[in-house]
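Remember, predicted model here, so these are calculated numbers, not experimental data.
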Amino acid sequence: MSAPPPAAETGAVASARPGPAHGPDPAKVRAAVRGGTLAYFVDQFDIYLPIVVLAPATAYFQAANLSASTTALLSSLVFASTLIGRPLGAVIFGHFADTVGRKRTTLVAVGGFGVLTLATACLPGHETIGMWSVGLLIALRFIDGVFLGGEYTTAVPLAMEWSPKHKRGLYASVITSTSPAAYAVIAAITLLMLELLPSAGLHSAYVQWGWRVPFLIGALLAAVLFRYYLKQVHEPPVELTGEKHKVPLVRLLVKYPKALAQVFVLMTGTWLATNMEAAVTPVQLKEHLLLSSQQVTLTMLVINAAAALSYPLFGLLSQRIGRRRFYIGYGIAVIVLGAGSYTLLMVSGGGFGAALGWGVLIGVFTVGTFGPIAAYLTERFPSSIRSTAYGVGYSLALIAPAFYQFYLQQLDNVVAPHLAPALLIVLAGVLIGLGGFLGPETKDVDMADDRTIPKLS
């Protein structure tokens with residue numbers, strides 16, 4: 001694998017062919033970026049619902065006599081099934097986004113996951129249909145993941161193609177900052193619900209029906225998003241989307257396998273760190289630090305609010321020093337500060353206050369990779385296959401990290417269960433830094449000119 005081309009060379013080529021004569025329409029740029037921001041928020045709101053909202057309502061879907069390990073495994077499958085469905089959705093919807101159009105494909109994806117989120121809110125429990133309850137929940141979340149994988153595969157490239165080159169880092173970070181923001185909003189809603197409704201016991205108000213309210217909110221958000229795209233967002237001009245290929249996935253695999261492999265390494269680390277922060281940390285806060293459900297929820301709200309505030313800073317930093325340098329540096333930060341903060345929290349034996357304090361660093365230095373990721377992945381591939389490449393590169397790496405519970409169990413004989421996640425955070429940092437190192441600089445890419453796309457030979 002050859003050394004990445006210098007940023008200056010990329011910028012020089014970028015000037016060889018200008019984009020649209022008068023630049024993009026500012027109103028259409030704003031509409032596309034707002035649409036991408038809203039789409040990413042709704043997407044992340046939906047994907048994190050089971051982790052936060054269903055945690056206090058596990059008894060509704062599972063038998064009371066299950067072992068703790070089986071209960072944890074089934075709960076992780078609810079989240080993992082959504083993640084596993086996303087790569088399939090990326091392939092399907094990425095194909096149509098590149099061959100039919102970004103906007104129309106986005107509308108289908110949004111409509112699909114909105115209906116499925118509504119259906120999830122109506123599920124009967126274990127008392128009514130037995131194990132079919134958790135089986136249906138996992139199945140619905142898998143199909144929901146397919147449509148969610150299609151949504152960001154279409155909406156994010158659309159927003160980035162409309163964005164001016166010098167603002168892509170900022171706009172990308174604003175869009176992706178809605179991921180931890182969505183988690184924080186879900187945590188706030190759940191915290192309020194737990195304060196208002198009792199959650200102790202199978203027949204308590206929260207366990208029987210309270211958990212349905214956030215899912216109904218998610219379905220309503222999907223309806224708002226659908227209407228916004230239908231009325232406000234425009235298809236990118238043809239000079240930004242390039243000629244269309246009948247089978248963009250084949251073109252991606254045949255012509256850009258090394259670029260896809262490099263993105264896969266980066267994104268595997270990104271998703272592994274994300275799962276440790278979003279899915280594993282709340283479990284350890286409850287089981288090892290013995291925080292209450294309300295304290296865990298509030299801690300996760302703080303963690304993700306801190307992450308959301310850091311994203312625009314990371315996006316601007318990547319615009320200044322380059323995406324490649326950012327990811328190399330951030331990978332090191334994950335190893336030192338992300339894993340270090342998590343470890344210090346777990347060994348300190350501190351209570352709620354310590355969790356809030358260390359939680360800020362955990363949030364900022366585990367999931368910050370997402371700050372400029374929307375810009376980086378769209379800059380990384382040519383326009384004619386951009387949605388397919390973005391979706392596959394973003395989603396394919398979800399699969400291995402989705403089985404985090406299995407990896408943690410394998411580490412039981414190596415370290416204590418509450419410290420094992422720190423080892424996986426270290427691994428995530430190594431993969432993020434390596435992925436950044438193996439890739440080229442992209443911040444000066446001209447979306448309208450495929451000749452500026454750096455290649456790995």
Side-chain angles (χ1 to χ4, degrees), residues 1 40 43-44 47-48 76 79-95 142 145-146 148-154 156-157 172 176 179-180 248-249 252-253 256-280 323-324 326-328 330-331 334-335 338 366-381 385-408 421 423-440 442 456:
M1 184 172 292
Y40 209 82
D43 170 288
Q44 298 298 297
I47 198 171
Y48 287 132
S76 68
F79 182 52
S81 62
T82 315
L83 302 182
I84 294 170
R86 287 162 81 97
L88 179 59
V91 172
I92 295 171
F93 287 91
H95 171 84
F142 172 77
V146 173
L148 287 169
E151 177 274 319
Y152 61 70
T153 295
T154 56
V156 174
T176 54
S179 174
L249 178 62
L252 169 64
L253 297 176
Y256 301 94
K258 293 183 179 179
L260 184 60
Q262 175 258 318
V263 166
F264 180 83
V265 172
L266 173 66
M267 291 307 302
T268 297
T270 300
W271 286 118
L272 186 59
T274 299
N275 291 348
M276 292 305 100
E277 181 267 339
V280 177
R323 318 279 189 237
R324 183 172 183 265
F326 170 79
Y327 283 121
I328 294 172
Y330 189 79
V334 170
I335 295 171
T366 55
V367 296
T369 319
F370 284 103
I373 202 68
Y376 183 69
L377 294 188
T378 49
E379 293 163 348
R380 193 70 189 82
F381 298 97
I385 60 167
R386 186 166 287 137
S387 277
T388 298
Y390 176 89
V392 172
Y394 187 92
S395 298
L396 186 62
L398 278 162
I399 297 176
F403 295 98
Y404 60 87
Q405 193 64 41
F406 172 78
Y407 310 139
L408 292 173
L423 296 182
L424 294 187
I425 294 174
V426 169
L427 176 59
V430 170
L431 293 172
I432 292 167
L434 179 62
F437 174 77
L438 295 175
T442 63
L456 292 177

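Atom CG of L408 sits about 5.5 Å away from atom CD of Q405, to the nearest 0.5 Å. Expressed to the nearest 0.5 Å, how far OG1 of T369 lies from OH of Y330 amounts to 5.0 Å. Atoms CD1 and CD1, on I328 and I432 in that order, are 12.5 Å from each other to the nearest 0.5 Å. Taking OG1 from T388 and CD1 from I92, the interatomic distance works out to 11.5 Å, rounded to the nearest 0.5 Å. Between the CG atom of D43 and the CG atom of L148 there is a distance of 5.0 Å, given to the nearest 0.5 Å.
Across all non-hydrogen atoms, the minimal contact from F142 to G85 is CE1-CA, 3.6 Å. Residues H95 and P248 share a closest heavy-atom pair of ND1-CD, 3.4 Å. Closest heavy-atom contact between A90 and S395: CB-OG, 3.8 Å. Residues L377 and F381 approach most closely at O-CD1, 3.5 Å, considering heavy atoms. Between Y48 and S179, the shortest heavy-atom distance links the atoms CE1-OG, 3.8 Å. Between I385 and Y256, the closest heavy-atom pair is CD1-CD1, 3.7 Å.
With a 4.5 Å cut-off on side-chain heavy atoms, R380 and R323 do not count as touching. M276 is not listed as a side-chain neighbour of L427, based on a closest heavy-atom distance of 4.5 Å or more. Under the 4.5 Å side-chain criterion, counting only non-hydrogen atoms from C-beta, L398 is not in contact with I84. Between N275 and L83 the shortest side-chain heavy-atom distance falls below 4.5 Å. Counting only heavy atoms from C-beta outward, the side chains of I47 and F79 approach each other to under 4.5 Å. With a 4.5 Å cut-off on side-chain heavy atoms, K258 and L438 do not count as touching. For the pair F93/S387, no side-chain contact is recorded, criterion being any heavy-atom separation below 4.5 Å from C-beta on. Within the 4.5 Å cutoff, side-chain heavy atoms of I399 are placed close to those of P87.
Using modelled atom types, one side-chain atom of T154 and one backbone atom of E151 make a donor-acceptor pair closer than 3.5 Å. At least one donor-acceptor pair closer than 3.5 Å links the side chain of T176 to the backbone N or O of G371. The closest donor-acceptor contact from the side chain of R324 to the backbone of G439 lies under 3.5 Å.
In this structure, Y407 places its OH atom where more than 12 heavy-atom neighbours from other residues, nucleotides or ligands lie under 6.0 Å away.
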How far apart are the C-alpha atoms of L424 and V280, what are their side-chain angles, what is the distance that settles it, and do they pass the side-chain contact (heavy atoms from CB on, under 4.5 Å) test? CA-CA 11 Å; L424 294 187; V280 177; over 6 Å; no
Does L266 form a side-chain contact (heavy atoms from CB on, under 4.5 Å) with I373? I'd like the steps, not just the answer. CA-CA 10 Å; L266 173 66; I373 202 68; 4.0 Å; yes
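Remark: aromatic rings of W271 and F370 are close, center separation under 6.0 Å. Taking the ring centroids of Y376 and Y327, they lie under the 6.0 Å cut-off.
Counting only N and O atoms by type, the side chains of E379 and T442 include a donor and acceptor under 3.5 Å apart.
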